[in-house]
Amino acid sequence: MGPIQIKQILECKIGTQVVVKGWVRTKRESKNAVFIAINDGSTIHTIQAVAESGQINEDTLRLITTGSCVRVVGLLVASAGAGQAVEVKIEEVEVYGTADPDHYPLQPKKHSLEFLREIAHLRPRTNTFSAILRIRHTLAFAINQYFNDHGFFYLHTPIITASDAEGAGEMFRVTTLDLNKLPRTDEGKIDFKEDFFGRETNLTVSGQLEGELGAMALSKIYTFGPTFRAENSNTTRHLAEFWMIEPEMAFFELEDNMNLAEDFVKYVIGYAVQHCADDLEFLQKRLEEEEKSKPQNERSMPLLEKLNFVISNAFERVTYTEAIDILLKSKPHKEKKFQYDVAWGIDLQSEHERFLVEKHFKKPVILTNYPRAIKSFYMKQNDPNPAEPGATVRAMDVLFPGIGEIIGGSQREDNYDKLVTRMHEVGIEPEALWWYLDTRKFGTAPHAGFGLGFERLVLFVTGMGNIRDVIPFPRAPKSAEF
RNA sequence: UCCUAAAUAGCUCAGUCGGUUAGAGCAUCUGACUGUUAAUCAGAGGGUCGCUGGUUCGAGUCCAGCUUUGGGAGCCA
């Protein structure tokens, strides 16, 4: 199906007649020969096509520049030069599309990531971004594979939702109303009965609630789809549109949930290490170059070493109460180096999480049993524990070095009365989520689940520093060009 | 949204105390050389110094506002 790609061509036997179709990375001319490095994105490697001087006519040769697209027909031969095992001896060359060197922004040189963000339509043609996109694909594939192998069903939860009670953040409004001529009710409010769905609708901030409905029928489901948050977040870890993986399992308690999260993350990272060796090696070298400008003590582990470390070591599991204890006894707390005070009941700040993960444990950490007051209404309430100053819920956050929270999850409250009471306490109308509450009314069951930010996973695996560089076309405040 | 730094050639940056004609490397073009590896060497072209206003005899440089971007914080995945 379709032409053979460079990845396969590089593995063909010498003497094979091949057709190479791809984009020119560099062209080098010498007295006796012309060298063209071609890449088609199937691999990080280029294939070198060689022609005798004068073999390609002047007019055609002039059009072969960095960024142009070509088709080359020739024989795969052992390379006469060092640097590559095989090359294509050109018999015929055709230029599909030119790329005027005066205007094509990608030059055969290093570009800053900031500049490449401004040309997001072309940056997949760079080594760095094609490597990231191949790794991103591989991780997505591994995720589906893992869940399929473990008896999960891929549930497609809705993108458009009428529930604004999920409490996961600001939402994007979905409407077909004419914004210049909004229909009004008698009280002067916007009349959403006139809107497409006959009610207020938004883009989803989480598929969890619907995911729970699926788990209460299929036992184990997962969602993997786009998620939207209209928060005015300007950080290297946030996007307005991102992809989230949300497994939800009946008959899973918190412990099972943690075991699954850890096994799952290790599997998908391991899958990428196994299947993206070339790309990861390239990114590792790139990072090492970048780190050269940093002082010795700030340099981090080589990328592959870091990934293997995470795969082969057990995540540290501590309760929120234990974590607060560690922080209270920590040096930065005693020396008042933390910007935010530590006390039982606070929501842990970035600096606290970083201390626990990067300084204290030096490995991924799963924090559990957070105070009820700082967590969502749907989390299962723990029985009172004399060792804990206040009420807690069966929540779990998986914290990764450099990324922070990569997974947030919990065992869910399966007791109807407790759930309704909690909803009243936090100001959510139970009537609005009557369908959600029905699962607790009819055949309720212990169950649990979590949400994994896909881009944060890609960020960790690729070693990149900004989340806008691990999604093809990032959506962020004041930024939706491509 | 807050804090902070920045914006000068296609890209990455330098530009001293406010002073004459705006600097480099890479890229591009031309030539030389070479089974080359992001080739090398020589030369050439390339600038509304983010925008608006102000201070000044004189502003890339100082001041104010705005815009955009980087980093950090909050919100979270």
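From a predicted model like this one, the values you see are computed outputs, not experimental measurements. We use all heavy atoms of the structure for the numbers below, so side chains are in, but hydrogens, waters and symmetry mates are not.
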Task: Nucleic acid contacts of residues 395-406 of chain A, taken as heavy-atom distances under 4.0 Å to RNA chain B - done: A:E405, A:I406
Task: Check: A:F315 and A:V310 side chains under 4.5 Å, non-hydrogen atoms - done: yes
TODO: Using the ring of A:F460 (Phe, Tyr or Trp, six-membered ring only), decide whether A:K306 places NZ or CZ under 6.0 Å from its centre and within 45 degrees of its axis.
DONE: yes
Task: Contacts of type side-chain contact (heavy atoms from CB on, under 4.5 Å), residue A:T26, not counting sequence neighbours - done: A:R28, A:A37, A:P108
Task: C1' atoms of B:U61 and B:G54, separation to the nearest Å - done: 15 Å
Open item on the list: According to salt bridge (Lys or Arg N to Asp or Glu O under 4.0 Å), does anything in residues 466-481 of chain A pair up with another residue at least two apart or in another chain? List the pairs.
Closed with: A:R117-A:D469, A:R123-A:D469
Open item on the list: If I take atom CZ from residue A:F242 and atom CD1 from residue A:I467, how far apart are they, to the nearest 0.5 angstrom?
Closed with: 8.0 Å
- [ ] Looking only at side-chain atoms of A:P101, point me to the closest of B:U28, B:G70, B:C76.
- [x] B:U28
Task: Rounded distance in Å - CZ (A:R229) to C1' (B:G74) - done: 15 Å
TODO: For B:G25 versus B:C63, give the span between their P atoms, rounded off to a whole number of Å.
DONE: 32 Å
Task: Sequence-distant partners of A:Y271, side-chain hydrogen bond (donor to acceptor under 3.5 Å, both in side chains), two or more places apart - done: none
TODO: Would you indicate, yes or no, if B:A73 has its OP1 or OP2 atom less than 4.0 angstrom from a side-chain nitrogen or oxygen of A:R237?
DONE: yes
Task: Integer-rounded Å distance: B:A73 C1' and A:F338 CZ - done: 15 Å
Open item on the list: For B:G71 and A:N466 - does any side-chain N or O of the residue sit under 4.0 Å from the phosphate oxygens OP1/OP2?
Closed with: yes
TODO: Please check the phosphate of B:G74 (OP1 and OP2 only) for any side-chain N or O of A:Q349 closer than 4.0 Å.
DONE: yes
Open item on the list: To the closest 0.5 Å, what do you measure between CD1 (A:I159) and OG1 (A:T204)?
Closed with: 7.0 Å
Open item on the list: Side chains of A:S68 and A:W23 only: does a donor on one sit below 3.5 Å from an acceptor on the other?
Closed with: no
Task: Inter- and intrachain pairs under salt bridge (Lys or Arg N to Asp or Glu O under 4.0 Å), touching residues 98-112 of chain A, at least two apart - done: none
Identify each donor-acceptor pair in which a side-chain atom of residues 79-88 of chain A lies under 3.5 Å from a protein atom, sequence neighbours left out, and give them as a table.
unit_1: A:S79; atom_1: OG; unit_2: A:G81; atom_2: N; d: 3.2
unit_1: A:S79; atom_1: OG; unit_2: A:G81; atom_2: O; d: 3.2
unit_1: A:S79; atom_1: OG; unit_2: A:Q84; atom_2: NE2; d: 3.0
unit_1: A:S79; atom_1: OG; unit_2: A:E87; atom_2: OE1; d: 2.8
unit_1: A:Q84; atom_1: NE2; unit_2: A:A82; atom_2: O; d: 3.2
unit_1: A:E87; atom_1: OE1; unit_2: A:Q48; atom_2: NE2; d: 3.2

Task: Test salt bridge (Lys or Arg N to Asp or Glu O under 4.0 Å) applied to A:E351 - qualifying residues, sequence neighbours left out - done: none
TODO: Take A:F252 and A:H447, measure what ring pair (Phe, Tyr, Trp, His ring centres under 6.0 Å) needs, and give me the verdict at the end.
DONE: CA-CA 5 Å; A:F252 269 51; A:H447 64 290; over 10 Å; no
TODO: Could you pull out all residues at least two apart from A:S42 that satisfy side-chain contact (heavy atoms from CB on, under 4.5 Å)?
DONE: A:Q5, A:I6, A:K7, A:D40
TODO: Mark up nucleotides 3-13 of chain B, 5' to 3', with B wherever a protein heavy atom is under 4.0 angstrom from a base atom, S wherever such an atom reaches only the sugar-phosphate, and - elsewhere.
DONE: -------BBS-
Task: Separation of atom CD in A:E241 from atom P in B:C76, rounded to whole Å - done: 21 Å
TODO: Report yes if at least one side-chain N or O of A:R28 is closer than 4.0 Å to OP1 or OP2 of B:A39; otherwise report no.
DONE: yes
TODO: Between A:G83 and A:Y340, just flag the one whose closest nucleotide in RNA chain B comes earlier from the 5' side.
DONE: A:G83
TODO: Could you state the atom-to-atom distance from CD1 of A:I64 to C1' of B:U28 in whole Å?
DONE: 18 Å
Open item on the list: Distance check needed: B:C76 C1' versus A:R475 CZ, whole Å only.
Closed with: 20 Å
TODO: In whole angstrom, give the distance that lies between atom CE of A:M171 and atom C1' of B:C76.
DONE: 14 Å
Open item on the list: Once hydrogens and angles are ignored, does a donor-acceptor distance under 3.5 Å link the base of B:C76 to the side chain of A:R456?
Closed with: yes
- [ ] Can you tell me, in whole Å, how much space there is between the C1' of B:U8 and that of B:U68?
- [x] 16 Å
Open item on the list: Checking A:E455 now: which residues fulfil side-chain hydrogen bond (donor to acceptor under 3.5 Å, both in side chains) with it, not counting sequence neighbours?
Closed with: A:R136
TODO: Side chain of A:T236 only, please: which of B:U68, B:G71, B:A73 is the nearest?
DONE: B:G71
Task: Face-to-face stacking of A:F454 with B:A77, centres under 5.5 angstrom, angle under 30° - done: no
Open item on the list: For the backbone of A:Q208 and the side chain of A:S206, can you confirm whether one donor and one acceptor N or O come within less than 3.5 Å of each other?
Closed with: yes
- [ ] In whole angstrom, give me the gap between the P atoms of B:U12 and B:C3.
- [x] 28 Å
- [ ] Name the nucleic acid region contacted by A:R25, choosing base, sugar-phosphate or nothing; use a 4.0 angstrom heavy-atom cut-off, strictly under.
- [x] nothing
Open item on the list: If I pick the P atom on B:G15 and the same atom on B:G23, what distance separates them, to the nearest angstrom?
Closed with: 15 Å
Task: Dot-bracket line, read 5' to 3' along RNA chain B, where crossing pairs take [ ] and | marks a partner on another strand, Watson-Crick or G-U under 3.5 Å - done: (((((((..((((.....[...)))).(((((.......))))).....(((((..]....))))))))))))....
Open item on the list: If you compare every side-chain N and O of A:S350 against the phosphate oxygens of B:G74 (OP1, OP2), does one of them come in below 4.0 Å?
Closed with: yes
Open item on the list: Tell me the interatomic distance from A:E481, atom CD, to B:U69, atom C1', rounded to whole angstroms.
Closed with: 14 Å
Open item on the list: Please report the distance separating the C1' of B:A38 from the corresponding atom of B:C11, rounded so that it comes out in whole Å.
Closed with: 14 Å
- [ ] State whether A:R62 places a side-chain N or O below 4.0 Å from either non-bridging phosphate oxygen (OP1 or OP2) of B:C29.
- [x] no
TODO: If the plane angle is over 60° it's perpendicular, under 30° parallel, otherwise tilted; pick one for A:Y222 and A:Y154.
DONE: parallel
Open item on the list: Please give me the minimum heavy-atom distance between A:R372 and A:V393, naming the atom from each residue.
Closed with: CG-CG1, 3.7 Å
- [ ] Would you mind reading off the distance between A:N232 atom CG and B:C2 atom P, rounded to a whole angstrom?
- [x] 9 Å
- [ ] Could you measure between the two P atoms, the one in B:G18 and the one in B:A27, and give it in whole Å?
- [x] 36 Å
Open item on the list: Taking the P atom in each of B:G65 and B:A6, what is the distance between them to the nearest angstrom?
Closed with: 16 Å
Open item on the list: So, under a plain 3.5 Å distance rule, would you say the side chain of A:S233 forms a donor-acceptor pair with the base of B:C75?
Closed with: yes
Quick one: which protein N/O atoms are closer than 3.5 Å to N/O atoms of nucleotides 32-35 of chain B? Pair and distance per line, please.
unit_1: B:U34; atom_1: N3; unit_2: A:E29; atom_2: O; d: 3.3
unit_1: B:U34; atom_1: O4; unit_2: A:E29; atom_2: O; d: 3.3
unit_1: B:U34; atom_1: O4; unit_2: A:K31; atom_2: N; d: 3.1
unit_1: B:G35; atom_1: OP2; unit_2: A:N32; atom_2: ND2; d: 3.4
unit_1: B:G35; atom_1: N1; unit_2: A:E87; atom_2: OE2; d: 2.6
unit_1: B:G35; atom_1: N2; unit_2: A:Q48; atom_2: NE2; d: 3.1
unit_1: B:G35; atom_1: N2; unit_2: A:S79; atom_2: OG; d: 3.4
unit_1: B:G35; atom_1: N2; unit_2: A:E87; atom_2: OE1; d: 2.4
unit_1: B:G35; atom_1: N2; unit_2: A:E87; atom_2: OE2; d: 3.1

